[in-house]
Structure formats: structure tokens, C-alpha cells
Amino acid sequence: MQTHHFKPDLPPPRQSIGPAAWLRANLFSSWFNGLLTVVALYLIWLIVPPLVQWAFLDADWLGETRADCTSDGACWVFIKQRFGQFMYGFYPTELRWRVDLTVVLAILGAAPLFISAMPRKALYGIVFLLVYPLVAYWLLHGGMGLEVVRTSQWGGLMLTLVIAAVGIAGALPLGIALALGRRSDMPAIRVICVTFIEFWRGVPLITVLFMSSVMLPLFLPEGMSFDKLIRALIGVILFQSAYIAEVVRGGLQAIPKGQYEAAEAMGLGYWRVMGLVILPQALKMVIPGIVNTFISLFKDTSLVIIIGLFDLLNSIKQATTDPAWLGMATEGYVFAALVFWIFCFGMSRYSMHLERKLDTSHKH
Amino acid sequence: MSEAKVESVIADRMIEMVDVNKWYGNFHVLKDINLNVRQGERIVICGPSGSGKSTTIRCINRLEEHQQGRILVDGTELTQDLKHIEAVRREVGMVFQHFNLFPHLTVLQNCTLSPMWVRRMPKRKAHELAMHYLERVKIPEQAHKFPGQLSGGQQQRVAIARALCMQPKIMLFDEPTSSLDPEMVKEVLDTMIGLAEDGMTMLCVTHEMGFARTVADRVIFMDRGEIVEEAEPNTFFTNPVNERTKLFLSQILH
């Protein structure tokens with residue numbers, strides 16, 4: 001009998017590794033790619049050095065008034081002087097510790113959820129989600145022993161975060177419920193969900209905010225009114241939930257029928273089939289879409305200017321019209337862009353991390 | 001329902017299908033199916049594709065709904081009543097052609113899901129039960145892996161263990177080896193043979209005629225939604241009565 005002798009594994013040929021090979025393969029693989037590389041380098045040279053010059057080398061960092069900005073570069077003194085307003089809006093200075101405490105509590109409270117060895121994590125998460133909003137509302141708004149700060153005084157980054165956080169926390173569960181409803185076997189529920197989703201997707205957010213602020217009070221009985229911010233929050237939640245619902249529906253549709261059948265064949269009822277088997281997979285699949293919606297929600301918060309609320313962007317815009325700081329628009333908007341970018345990039349990185357963590361090497 | 005219960009206990013019948021008819025739209029997929037399965041009986045159903053054999057066993061745990069006739073499983077009649085359906089599903093384990101393991105759960109979590117959520121078993125007991133059955137299908141060492149990290153044969157054995165964790169009275173197999181690489185068919189069949197030897201009531205849709213010969217008490221041949229021939233394996237393979245059965249056997253036995 002003959003025995004087959006298998007050949008040993010060999011290392012790859014030399015010319016396919018090393019920096020020179022990398023350059024050749026990635027930047028100069030053909031004359032056209034070489035040309036693109038040269039053009040790109042030229043553009044970088046055109047843009048980056050002046051930017052660095054303006055933002056760092058020529059910039060003014062120290063001082064208190066506009067007169068301290070003497071060089072040609074950016075005047076970061078403006079940002080420094082108005083920083084409090086950008087962060088807290090018109091929230092009373094002596095009470096700003098309450099906002100800081102709310103943020104610290106959020107970080108401390110959520111931290112255990114990111115520790116993988118944490119026991120009873122689900123229970124803790126539910127308790128946290130129920131208790132924290134009440135505490136945060138109490139701290140931010142006041143009452144019960146704390147001085148009341150009306151929502152009209154809220155502003156800046158704090159208001160942006162409040163709208164984004166409440167919007168996300170409200171739109172996700174509502175969106176999931178709508179997605180399930182849209183795929184329900186019961187025609188009445190399906191029709192209600194489809195109508196709801198299509199209505200909210202069909203109108204621009206700015207209209208929703210405008211309606212909630214201007215039109216709604218006209219329909220309410222005389223003397224009855226509720227907080228402008230709450231109206232805006234409800235508008236944002238309803239609007240974004242329609243988008244989340246469609247994203248989640250995409251995930252639900254991608255789950256093979258066999259998964260439903262296997263779960264049903266075990267004797268699991270509808271809610272357990274969905275909660276234990278279908279939704280964990282569907283939501284994992286649509287993490288990029290959900291985070292995409294959250295990022296756009298975060299940026300859309302600046303539309304609340306239409307109803308006279310001053311979020312981060314609008315606080316900055318308002319500050320640039322201050323006669324004492326005329327001509328600071330560029331610095332203001334660059335700063336706004338930077339803050340927005342940090343939050344959005346953070347969300348995007350976290351979603352990538354989540355996708356990797358939840359990967360179970362399964363390909364449908 | 002209680003009347004039906006008494007009736008079938010006397011007859012020692014686990015499954016009773018009486019004049020079952022089913023349509024997909026206008027397509028008449030099952031025609032007057034009559035099938036009785038006693039406790040501990042092993043039945044193999046074969047037939048060409050589209051003959052209704054999968055649909056037949058999927059009616060037994062109501063993955064498909066029949067429109068006429070009666071189906072009783074361990075004395076419980078399958079009707080629109082969700083309580084009855086869930087009661088039947090608790091007693092019937094199913095193994096699918098494409099395994100249908102839950103990819104987001106580990107092998108162990110796949111196995112403990114129904115004991116914990118359907119049978120309300122405490123977590124530790126469910127773990128012990130799952131490990132017991134994983135040992136039985138000879139893959140306890142894979143318990144903490146995800147299904148996507150296992151071979152097809154291993155996945156199907158996990159699927160069998162998962163179904164056994166419900167401690168069912170009946171096991172349904174819907175072409176359990178059809179999507180496996182040839183090298184892996186044997187390990188799954190061996191597991192099924194072991195199960196049959198332990199006296200499990202089994203209904204198996206398969207083209208593995210060797211398996212049918214070894215373990216089946218009865219072989220059923222279906223074509224165009226009807227039961228064409230029904231016999232114990234020896235007679236079925238050596239001396240089929242029906243013309244259509246002979247043709248089918250000559251095609252698959254070469």
C-alpha cells in the first residue's frame with residue numbers, strides 16, 4: 001500500500017512583504033494610482049500646514065477679552081470665556097454642580113454594565129434604567145428640597161445631551177415595539193403601526209418641532225399647557241422611533257424562518273420567541289443602522305432652535321452675535337464641530353466594538 | 001378533550017392522525033393522511049421531494065396547520081387553542097434539516113433555553129440536564145462554543161441534544177442528514193440509532209435507507225400528498241407491493 005506524504009507549510013515569497021512592497025502594492029500599483037497618490041499628497045500639503053498654523057501655532061490661548069487676540073490665528077480666548085455658557089446655557093452658575101453630578105452619576109451608574117463579570121447584570125440594568133431618569137430629572141429640574149431651574153434656562157451641551165439621551169432611550173423601545181407590530185399577525189395592530197411609521201417618516205423633524213411648539217397649544221383647552229422641552233422631547237421620540245422601527249424591521253426580516261420554527265417547536269410563546277431568540281439576533285445585525293440613527297438624532301438636536309431652545313450649536317451661534325466678540329464665528333463653529341464630532345465618533349467606535357464583541361462567528 | 005385522552009391511552013397511541021387534509025393556497029399537499037404511532041415505535045417516512053412527508057411531520061407539532069381531519073398527540077388534540085399547541089410542543093422534540101441552532105447562544109445555552117423557560121427549571125439543574133445530553137451525543141467538550149464554530153455533524157448532534165433537553169415523549173426528524181457533508185452523516189445516524197435503541201418514539205423523514213433497515217418498525221412511502229405504502233422494513237425493501245414504490249426504491253438504491 002502507498003502512503004501519501006504531505007508537503008510542509010512554507011513562508012510567503014519575499015517580495016510580498018516589507019515597507020517597499022507595501023508602498024508598491026497600495027500607493028503606486030499603476031501609473032494612475034501613482035498619479036492619485038501624488039495629487040493627494042499635494043492636497044494634504046495645501047490644507048494641513050495652514051490649518052495647524054491657524055489653530056495652534058498662531059492661535060491666542062491666554063487672556064480675557066477680544067483685545068488679547070492679537071495674532072492672525074484662532075482666538076480660543078473666546079471659547080474659554082464663554083465655555084460655561086456653551087456647556088450649561090443659562091443654567092444658574094451656582095447650581096451647575098447639579099448638572100455635573102448628573103453626568104458623574106450617569107458614568108458611575110452605567111460603568112458596572114460594561115464589566116463582563118458583573119453578576120445579575122440584567123436586573124441591575126433594568127433598575128438603573130428605571131431609577132436614573134428620576135434622579136436625573138430631580139437633579140436637573142429641582143423640586144423636593146432643590147431649587148427649581150425651569151427648562152427654559154437649560155441650554156448648551158447639557159440640553160443637547162438631555163434631548164439626545166431621552167430621544168435614544170425613548171425611541172429604541174418604542175421603535176422595537178413598532179417593528180414587531182408591523183410584522184404582527186393581527187391586522188389591526190399592523191395597520192396602526194404602519195400608519196404611525198409612515199406618518200412620522202413622512203414629515204420633517206423641523207415641522208414636528210414647530211407643530212409641537214406652536215400648533216399644539218392652539219388645540220389644547222384654555223390654560224392647559226405643558227413644558228416646551230417635554231413637547232419637543234415627545235416629538236423627537238415619536239419621530240425617531242419610526243426610523244428605528246424600520247431599521248429593526250430590516251433585522252427581523254433577515255432572520256431565517258428556521259429560527260422562529262426551532263424556537264416555536266420548543267414550546268416557547270410569542271414573547272419568549274421574540275425576546276430570547278429573534279430580537280437578540282436581529283438587533284445585533286442592525287447595530288450599524290441603529291447607531292446611524294442615533295448619530296443623526298444627536299446632530300438633529302440643534303433643530304430645537306426653531307422653538308427657541310438653545311442647545312450647544314445655538315448657544316455658540318448666539319455668543320458670536322455678542323458685540324464684544326464680533327468676528328469669532330469661525331472659532332465658535334470649529335469648536336461646535338469638534339464637540340459634535342467627539343460624541344458622534346465615540347458612538348461610532350462603541351458600535352464597532354459592540355459588533356466585534358457580539359460576533360459569534362456565525363454567517364447566515 | 002378528556003374523552004379523547006382516555007380513548008388514546010387505551011390504544012397506547014402517541015400520535016393519531018385521522019383523515020388529515022392540508023392545502024397551501026390551492027395546492028392540495030396532504031390528502032386523507034391516516035397514521036397511528038404507538039409509544040416506542042420508530043417510523044421512517046420516505047418519498048420524492050414535494051410528496052408532503054415533511055409537511056406531515058410538521059403538522060404533528062403544528063409548525064404547519066392542517067385544515068381538515070384530526071391530529072391527537074399523546075391524547076391532546078391540535079386545534080386553534082394555543083394552550084393545546086404549546087402543550088403538544090412541550091412533549092415533541094424536533095430536529096431540522098438545517099439544524100436551526102440559535103447562533104447567538106452557546107451550545108450549552110441552546111440546550112438550557114427550553115428547560116429554563118418552558119419547564120421553569122432552575123439554572124443549575126438545566127445545566128446538569130444539558131451536560132447529560134451533550135455527553136450522550138458525545139460533544140460535552142464543545143459546550144461553551146458557539147454553533148458557528150462547530151462542524152455540520154457536530155451542530156446536528158447539538159440540535160438533537162437540545163431537543164432531548166425538553167425530555168420529549170416523541171422526536172421528529174426532518175431530513176436530519178440531508179445538508180451534511182458525507183463524512184459527517186454517520187456520526188448523526190449513530191446518535192439517532194442510540195436514541196432508537198433506548199425506546200424513544202421517533203418519526204423520521206429521511207432517505208437513509210440503511211438507517212430505515214436498522215431501526216425502523218415501519219417504513220412509510222409517500223407520494224403526491226398520500227401514503228402510498230406502509231410496511232415493516234424487510235417487506236418494504238424486498239417486496240414492495242406498489243408500482244410507484246418499486247420505481248422510487250430502484251432510483252435511490254441504484
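Just so you know, these numbers come straight off a predicted model, no measurement behind them. Chain naming here is simple, since letters A, B, ... match the order of the sequence lines and numbering starts at 1 in each.
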Report which part of [X] has an atom under 4.5 Å of a heavy atom belonging to chain A: side chain, backbone, both, or neither.
X: B:L101; value: backbone
X: B:R58; value: side chain
X: B:N110; value: backbone

### Query
Taking B:K145, B:R120, B:M94 one by one, which has the highest count of heavy-atom pairs under 4.5 Å against chain A?
B:R120
### Query
Among B:H104, B:E86, B:H98, who wins on heavy-atom pairs under 4.5 Å with chain A?
B:H104
### Task
Inspect the surroundings of NZ in B:K125 and state if more than 12 heavy atoms from other residues, nucleotides or ligands are less than 6.0 Å away.
no
Quick one: sort the [X] and [Y] rings into parallel, tilted or perpendicular, breaks at 30° and 60°.
X: A:F128; Y: A:Y124; answer: parallel
X: A:F239; Y: A:Y243; answer: tilted
X: A:F340; Y: A:F298; answer: perpendicular

### Query
Does NZ or CZ of B:R162 lie under 6.0 Å from the centre of the six-membered ring of B:F102, at an angle within 45° of the ring axis?
yes
